[in-house]
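Counting begins at 1 with the first residue of the sequence.
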Amino acid sequence: MYISHILITALATTSTAQALHPANEAQPSPQPTKRLLASALNWLTSTLNNPPKSASATCPPVWTEIATTLTAQFLADGQCTDAARAAIRTSFHDCFNGACDGSLILAGECSNSENRGLERVCGNLGNLAQQKQVGTADLIQFAAAHAIKTCPGGPTVPVKVGRKDSDVANAQGILPGGHASGVDMVKLFASKGFTPKDLAALLGAHTTARQRTTDPSRANATLDSTPGTWDNKYYQETRSGQAPFTLPVDKSISTTPATAVPFTAFALSKSAWDVAFVSAMQKMSLLGVDKEGLVDCTSALPGGSEKREVRRGSVFERLGW
């Protein structure tokens, strides 16, 4: 319909020009109009011969089936579960060492000490990928986006499928520990293409987290007072020292000059955080991934929408910082 309108408009332009200029009067050269029509026809031919990939690439129905299975695991009594928390963490642990390639599960990286606590979710997602015959790397990222959305208040993180799986283990020792300094974290994330704002935004996923290894004597302590919901209390309570538990690295990032400003802004505005987090999380989910031919499966997530729901915030929140 849109293409036909272009041609009709071009033809109408020619007719109007002829009506306004009687035959006995000097008329402008018809060359510009001919060139316009030629360009329109060339564009039409190119479009028909090379349709956008998204026009024919639709999300396979199996991902809607997977979403139903994950919802049962990730939501209980109106709160996101430990399985949801683990799925969010799994996304980072699969990607950050090298690429989002499923090697966390396929190469047995879950047994590494730096991935302690992920053994169960790795087993569950690995089995589900086999049952549904989908890519393991794709399932890890889809599960993370699903878990974020499942947590009350969680935004929609657009998710794509079509990654290449790998059973070759990535290097160890790249994932940061709980005692890293904020300055070192800024440098580490910059080496992966993330800005200080991205780093501060991604850290907000700790709103649903529990620590287990930084202080074993306080295993399962939460990093904010509402671990079952996706809110910005993590930022508020980390800054004020009122969180049930705060990782030393998180406290350092909250005061490091490069990250202190966005960290404080996110404490003031959940909407600003959601927008920054969605952008940074999309970047994370595609680390080391060939983006050619990926298929958007955002519609299979709970709610089935790519909207980030930031418009529900106040005008002040929407302005961000």
Side-chain angles (χ1 to χ4, degrees), residues 70 73-74 80-129 134-148 150-151 154 157 159-161 163-180 184-185 188-189 191-194 198-214 216 219-220 222-223 227 234 247 249-250 253 277 280-289:
L70 294 179
Q73 298 176 10
F74 292 167
C80 49
T81 63
D82 283 344
R85 299 182 185 96
I88 297 169
R89 184 179 171 218
T90 300
S91 169
F92 175 66
H93 283 238
D94 186 47
C95 296
F96 203 74
N97 279 359
C100 305
D101 57 10
S103 60
L104 179 70
I105 295 173
L106 298 174
E109 294 172 7
C110 267
S111 62
N112 297 342
S113 58
E114 61 189 7
N115 297 318
R116 191 177 305 159
L118 295 179
E119 297 87 353
R120 183 174 181 179
V121 71
C122 283
N124 288 342
L125 294 179
N127 290 336
L128 185 58
V134 298
T136 302
D138 288 337
L139 182 56
I140 290 173
Q141 300 310 315
F142 183 86
H146 189 292
I148 291 164
T150 299
C151 291
V157 178
V159 62
K160 296 183 178 181
V161 300
R163 294 167 184 78
K164 183 178 179 180
D165 281 347
S166 173
D167 58 4
V168 178
N170 287 308
Q172 296 187 49
I174 298 176
L175 290 169
H179 294 280
D184 287 342
M185 287 287 283
L188 175 61
F189 273 70
S191 72
K192 298 288 185 176
F194 294 95
D198 292 333
L199 168 57
L202 288 169
L203 208 64
H206 284 173
T207 185
T208 66
R210 296 178 183 272
Q211 78 84 29
R212 290 183 172 85
T213 60
T214 301
N220 293 321
T222 62
L223 304 189
Y234 160 79
L247 299 173
V249 63
D250 290 10
I253 289 173
F277 178 83
M281 191 65 185
Q282 283 184 269
K283 188 187 300 185
M284 175 69 70
S285 72
L286 294 172
L287 280 179
V289 175

For a quick test of your reading: what N or O donor-acceptor pairs under 3.5 Å do the side chains of residues 169-176 make, sequence neighbours left out?
unit_1 : atom_1 : unit_2 : atom_2 : d
N170   : ND2    : S103   : OG     : 3.0

With heavy-atom distances below 4.5 Å as the criterion, would you say the side chains of F74 and I88 are in contact? no
Minimal non-hydrogen separation, L118 against C110, with atom names: O-SG, 3.9 Å
Side-chain heavy-atom pair I253, L199 within 4.5 angstrom cut-off: yes
Non-hydrogen side-chain atoms of Q141 and C95 separated by less than 4.5 Å: yes
Short question: side chain of T207, backbone of G204 - any donor-acceptor pair under 3.5 Å? no
Side-chain touch L104/C122, heavy atoms, less than 4.5 angstrom: yes
Taking every heavy atom of P227 against every heavy atom of C80, the minimum-distance pair comes out as O-SG, 3.8 Å
Examine distances only and state if a side-chain atom of K283 and a backbone atom of F194 form a donor-acceptor pair shorter than 3.5 Å. no
Where do H93 and N115 come nearest, in terms of heavy atoms and distance? ND1-OD1, 2.5 Å
Strictly distance-based, threshold 3.5 Å: is any side-chain N or O of N127 a donor or acceptor partner for the main-chain N or O of G123? yes
Separation between CD1 of I140 and CG of L128, rounded to the nearest 0.5 Å: 11.5 Å
Do L223 and R210 come within less than 4.5 Å of each other through their side chains, counting heavy atoms only? no
If every non-hydrogen atom of D165 is compared with every non-hydrogen atom of A137, which pair is closest and at what distance? OD1-N, 2.9 Å
Between L139 and I105, is a side chain to side chain contact (heavy atoms under 4.5 Å, CB included) present by the stated rule, with each step listed? CA-CA 11 Å; L139 182 56; I105 295 173; over 6 Å; no
side-chain hydrogen bond (donor to acceptor under 3.5 Å, both in side chains) filter on D250, not counting sequence neighbours, yields H206, Y234
Exceeds 12 heavy-atom contacts within 6.0 angstrom, atom CZ of R120: no
Any side-chain heavy atom of T81 within less than 4.5 Å of one from Q73? no
Does the side chain to side chain contact (heavy atoms under 4.5 Å, CB included) test come out yes or no for I148 and F277, once each step is laid out? CA-CA 11 Å; I148 291 164; F277 178 83; 3.7 Å; yes
Heavy-atom closest contact (A145 atom, V157 atom, distance): CB-O, 3.7 Å
Looking at side-chain heavy atoms only, is the closest gap between F189 and L202 below 4.5 Å? yes
Distance (rounded to the nearest 0.5 Å) between L203 CG and D198 CG: 12.0 Å
Could you grab the distance from atom CG of L287 to atom OG of S285, nearest 0.5 Å is fine? 8.0 Å
Closest non-hydrogen atom pair, A84 against A147: O-CB, 3.5 Å
With side-chain hydrogen bond (donor to acceptor under 3.5 Å, both in side chains) as the criterion, how do N97 and E114 come out once you've worked through the C-alpha distance, each side chain's angles and the decisive distance to 0.1 Å? CA-CA 11 Å; N97 279 359; E114 61 189 7; 3.2 Å; yes
Can you measure from CZ (F92) to SG (C100) and round to the nearest 0.5 angstrom? 10.5 Å
Pick one: which of D94, V168, T136 meets side-chain contact (heavy atoms from CB on, under 4.5 Å) with L106? T136
With a 4.5 Å limit on heavy-atom distance, are the side chains of R163 and L286 in contact? yes
Side chain of E119, backbone of G117: donor and acceptor closer than 3.5 Å? yes
